[in-house]
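Presented below is the structure to which this report refers.
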Amino acid sequence: SKIYITRCTNWGETCEKPIKISEEQQRVQGVSLTNIGNRIVAAWRRADSEDAIIYSYSGNGGKKWTKGEAATGLCSIDQGASGTSMRLLNIPWTANDGNRFYIFASDRRFGGDGSCETGIPKIGVTWSSTGKNWGGSGAFQVLEDPSVPNPGGEQTGDGFQIFPTATGFRGNVQVAWYDTRRETFGAGLPGEAGTGQVPNLLR
């Protein structure tokens, strides 16, 4: 699969020729876009080998895009699809606070024993002030420390944290995800949403 972007300047009535921005020979899935003015970041998941969140950057409103590069590595998908099961790749989500770009994703290196083989997925974040340079002070890190009680006073425990979604507004980024820390398998109890406010977590 490949990622293409088409640019429309008249609210979608007509669009320009699609531009391919992914060069991977592996599966790619789940494009998320965010912009600050004419600066746009697109991010997606690369799987099959050298799993990673890949990004491409445009500084001129989508006319031209950089070659896709890894913003951060990820653990490999632990279970593939079969004739009786399906598996979505870990889809990243992008947002911005007007100054910095953020990419959120779930990864197994943060929870449990912290290994890709047996760790428990937690939500991580990486960020960039330019949209082109990731890592450094914005290296991929866990968004919520499992050892710290949440605002309700409960320990977050080792529940899975998956499917992040985020949005930015007036200098803040709000992120939410599906959290299974209160589920008991077989008991039918619902999971609950976890939330975090990025500026507070990164100060």
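- Using a 4.5 Å heavy-atom threshold, the side chains of R108 and P121 count as touching.
- In this structure, CD1 on I162 lies 8.0 Å from CD1 on I123, to the nearest 0.5 angstrom.
- Contact between Q29 and W44 at its shortest, heavy atoms only, is O-CB, 3.7 Å.
- I103 has its side chain within reach of T94: a pair of non-hydrogen atoms, C-beta onward, lies under 4.5 Å apart.
- Distance check, rounded to the nearest 0.5 Å: CD of Q141 to CH2 of W127 gives 4.0 Å.
- Two residues are said to be in side-chain contact when any heavy atoms from C-beta on lie closer than 4.5 Å; Y178 and Q161 fail this criterion.
- Under the 4.5 Å side-chain criterion, counting only non-hydrogen atoms from C-beta, I19 is not in contact with K64.
- Other residues, nucleotides and ligands contribute more than 12 heavy atoms inside 6.0 Å of the NZ atom of K2.
- By the 4.5 Å heavy-atom criterion applied to side chains, I5 and L33 are counted as neighbours.
- At least one side-chain heavy atom of F101 sits less than 4.5 Å from a side-chain heavy atom of T34.
- When the side chains of ILVMFWY residues are joined at heavy-atom separations under 4.5 Å, either directly or via intervening members, I54 and W93 end up in two distinct hydrophobic clusters.
- In this structure, the side chains of E13 and C8 stay at 4.5 Å or more apart for every pair of heavy atoms.
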